[in-house]
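For reference, the structure discussed in these notes is given below.
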Amino acid sequence: MKNFKFLCVFLLAITFSGFSQTPTDFLSKEFHKSRRDALRAKMPPNSVAVVFANPLRNRANDVDYVFHQDPNFYYLTGYREPNGVLVLFSDNQTDENGISYNEILYVQEKDERAEQWNGKRLGIEGAKKNLGFKVAFNGQDFVDSKVDFTKFDRVFIEKFNDDYRNSERETAEIYDLVKSFKEKANYNPKNFLSPIKKQIYEFIKVTPIKNSANVAQIIGRALAYDPSLKNDEDLMQYKDATTDKLKKELKQKITLKLASKTNIDVSFLSNNLAALREVKTAEELKLLTKAVRISAVGQIEVMKAMKPHMSETELQGIHEFVYKKYGAEYEGYPSIVGAGNNGCILHYIENNKTKVGNDLVLMDLGAEYRGYTADVTRTIPANGKFTKEQKEIYDIVYAAQEAGIAESKVGNSFGAPNVACRKVINEGLAKLGIIKSVDEKHNYLPHGVTHYIGLDVHDAGTYGTFVENSVITVEPGIYIPEGSNCDKKYWGIAVRIEDDILITNNGPINLSGEAPRKSDEIEKMMKKKSVLNEFILPDLD
């Protein structure tokens, strides 16, 4: 009887403790505060930064997409709900009671009915206790506040995308918060210029009319990077103007716009937060490394489970099951599983081929763990054995990646791995006769091989020289679609190998290296027994 009572107490204890707990390894409130302090240190006197949470986005009818926080907002606050605003002051402010503060977090109001349907809200007290804010209010308080943003010398915001709805039932959602800010700040997009537009305006101002054709070419090239420039009627008229008289008139108008004053700045936040987010703290690296290792284990388990009769969707499911098994909340981006010619589509996410057969299968997937996203790609033969042609292409990409990783070191330019990878790939393709010479222009590697990872899969960063504790990908590939101008035996072969590399003063560290990369190591792993071999579901047809 005594043992029975002990067992009951034990079962109750684990029921109401371990099994009911939510994750506790998110970034600490001290981390987020340190990021706000670091940003504030870069702000000039008498300035304020206003950062908005992401909105909820509708999927269909009364169903929304799963909410995902804006990375910059999360980085600065740790708040994982919609309808929030962070107001960060460069200097201490004083309220009507003489209390000093330098930041305010506005959050969703506690609402018993809403929480019954959609989950608990942190509320004001939760923001203070869990996130460490001394001053927090409800979102409606932001709408109702009398703050005058025009009194500040600089107001830092991020560019508004305006991709959110206005709910008739809510009065403090992102739509209302942004609308309220625009009113309080006298926001008018015509009063300030994006960096690229400002640069073009400067060119127009200083360029003689006789050389205006050169500026017109610059405008044409800039449109490829920023299509919104086409909404600037004066700019488009200047580009297409055929008379000097019209060009002079437009030049005068554009010069006046260049001189217009506003205290709103849309580049400061993105530039400075990119520099901060590029360098990961020890706390961030712990989470990011776990996301990467989870993703690597997913690749290993699929190597063992892969069979020619499987579908792309099934393989995707195995990867994502591993992620969930480790407690990863989401995928960092839509999973890519492309067999054969499908692998030649760089962002192929349909994943609907019903049998992978004997093709190579390119699998580009990454787990998101506590906000941090991995990005790991492996390409493996569905039947467990590379053909001669598949292995030839694969081994070139592997050699290219090795060269790229070797260049991923402190002080090198961000483009160094790309140069190294392309050199190896061009030499390999020329040797196989797929291109005529190493200097031939081709589209078999149509993308860059490096980007930062972190809170975004294509994370913020300066893209300058490599610095310690940044994390990048190195991901060369060769893609030979059917119909390519080469021997048909290579058609439909697509290979990408991608690993997540930590930049250190002692050289690069491959965080995803436990997932086999060499062709013979992949074949060896694919011979191992999978725990899923006995996982057989009933036939529903």
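- No salt bridge links D148 with K184; every basic N to acidic carboxylate O contact stays at or beyond 4.0 Å.
- Electrostatic pairing of R277 and E284 does not count as a salt bridge here, judged by no charged N lying under 4.0 Å from a carboxylate O.
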Worked verdict on K488 versus E482 for salt bridge (Lys or Arg N to Asp or Glu O under 4.0 Å): CA-CA 8 Å; K488 288 184 179 181; E482 294 175 2; over 6 Å; no
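- Taking the six-membered ring wherever Trp is involved, the centroid distance between the rings of H442 and Y479 does not fall below 6.0 Å.
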Is there a side chain to side chain contact (heavy atoms under 4.5 Å, CB included) between H32 and T77 once you walk through the steps? CA-CA 5 Å; H32 297 294; T77 68; 5.8 Å; no
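- When atom types are taken as modelled, the side chain of N412 and the backbone of K409 share no donor-acceptor pair closer than 3.5 angstrom.
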Can F160 and K182 be said to form a side chain to side chain contact (heavy atoms under 4.5 Å, CB included), step by step? CA-CA 11 Å; F160 293 119; K182 289 179 176 179; 3.6 Å; yes
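- Under a 3.5 Å cut-off, the side chain of N263 and the backbone N or O of F152 do form a donor-acceptor pair.
- Side chain of T465 to backbone of S413: no donor-acceptor contact under 3.5 angstrom is found.
- With D500 contributing its side chain and D375 its backbone, the two residues share a donor-acceptor pair below 3.5 Å.
- Here the closest non-hydrogen pair linking C486 and W491 is O-NE1, 3.3 Å.
- Under 3.5 Å, the side chains of E158 and S270 contain no donor-acceptor pair of N or O atoms.
- Of all non-hydrogen atoms in A328 and A367, the two that sit nearest each other are CB-CB, 4.1 Å.
- Salt-bridge check for D244 with K251: failed, with every basic side-chain N at 4.0 Å or more from each acidic carboxylate O.
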Show which side-chain atoms of residues 207-222 pair as donor or acceptor with protein atoms under 3.5 Å away, not counting sequence neighbours.
| unit_1 | atom_1 | unit_2 | atom_2 | d |
| --- | --- | --- | --- | --- |
| T207 | OG1 | F203 | O | 2.5 |
| S212 | OG | I209 | O | 2.9 |
| S212 | OG | K247 | NZ | 2.9 |

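- Remark: the E278 side chain and the T462 side chain contain an N/O donor-acceptor pair separated by less than 3.5 Å.
- Atoms CG and OH, from L27 and Y75 in turn, are 9.5 Å apart once rounded to the nearest 0.5 Å.
- To the nearest 0.5 angstrom, N469 atom CG is 11.0 Å from L288 atom CG.
- Side-chain N/O atoms of S437 and D439 include no donor and acceptor closer than 3.5 Å.
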Start with the C-alpha distance between I425 and I396, add both sets of side-chain angles, then the distance that settles side chain to side chain contact (heavy atoms under 4.5 Å, CB included), and finish with yes or no. CA-CA 6 Å; I425 283 176; I396 293 172; 4.2 Å; yes
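- D265 and S267 are linked by a side-chain donor-acceptor pair at a separation below 3.5 angstrom, with hydrogens and angles left out of the test.
- For the pair R36 and F133, the distance from NZ or CZ to the six-membered ring centre is under 6.0 Å and the angle to the ring normal is within 45 degrees.
- Under the 4.0 Å criterion applied to side-chain N and carboxylate O atoms, K179 and D176 are not assigned as salt-bridge partners.
- In the model, E368 has a side-chain atom that pairs as donor or acceptor with a side-chain atom of H68 under 3.5 Å.
- Side-chain rings of Y79 and Y74 stay apart, their centers remaining 6.0 Å or farther from each other.
- Judged by the 6.0 Å and 45° rule, R57 forms no cation-pi pair with Y65.
- Using a 3.5 Å distance cut-off with no hydrogens or angles, the side chains of Y106 and Q140 do not pair a donor with an acceptor.
- Within 6.0 Å of CD1 in I196 there are more than 12 heavy atoms belonging to other residues, nucleotides or ligands.
- Side-chain atoms of E312 and N342 form a donor-acceptor pair, as typed in the model, at a separation below 3.5 Å.
- Looking at D459 and K280, a side-chain N of the basic residue comes within less than 4.0 Å of a carboxylate O on the acidic one, giving a salt bridge.
- We find that R378 and D364 are not joined by a salt bridge, their nearest charged nitrogen and carboxylate oxygen being 4.0 Å or further apart.
- Remark: E329 CD is packed, more than 12 non-hydrogen atoms of other residues, nucleotides or ligands lying under 6.0 Å away.
- Within the 3.5 Å criterion, the main-chain N or O of V107 finds no donor-acceptor partner in the side chain of E109.
- Under the 30°/60° scheme for interplanar angles, the aromatic rings of H458 and H451 are found to stand perpendicular.
- Considering only residues two or more places apart in sequence or on other chains, N166 meets the side chain to side chain donor-acceptor pair (under 3.5 Å) condition with none of them.
- For F52 and F73, the distance between ring centers is not under 6.0 angstrom.
- A donor atom on one side chain and an acceptor atom on the other are not found under 3.5 Å apart for Y164 and N58.
- Cation-pi geometry between K42 and F156 is not satisfied (NZ or CZ under 6.0 Å from the ring centre, within 45° of the ring normal).
- With ring centers used as reference points, Y463 lies under 6.0 Å from Y452.
- Minimum interatomic distance between A374 and A291 (heavy atoms only, all atoms of both residues): CB-O, 3.5 Å.
- A donor atom on one side chain and an acceptor atom on the other are found under 3.5 Å apart for E320 and Q316.
- Note that R35 lies in the cation-pi zone of F31, set by a 6.0 Å cut-off to the ring centre and a 45° limit from the axis.
- In this structure, F142 has its ring center at least 6.0 angstrom away from the ring center of F181.
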Dump the intermediate steps for side chain to side chain contact (heavy atoms under 4.5 Å, CB included) on L365 and I336, then the final yes or no. CA-CA 6 Å; L365 307 95; I336 298 168; 5.9 Å; no
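- In terms of heavy-atom proximity, N351 sits nearest to S335 at ND2-O, 2.9 Å.
- The shortest side-chain heavy-atom distance between Y372 and V292 does not fall under the 4.5 Å cut-off.
- Side-chain N or O atoms of Q401 include one that pairs as donor or acceptor with a backbone N or O of V474 at under 3.5 Å.
- Looking at E468 and N505, their side chains do bring a donor and an acceptor atom within 3.5 Å of each other.
- Salt bridge status for E427 with K423: present, with a side-chain N to carboxylate O gap under 4.0 Å.
- The backbone N or O of N46 sits nowhere less than 3.5 Å from a side-chain atom of R154 that would complete a donor-acceptor pair.
- Note: E440 CD to I434 CD1 = 10.5 Å, rounded to the nearest 0.5 Å.
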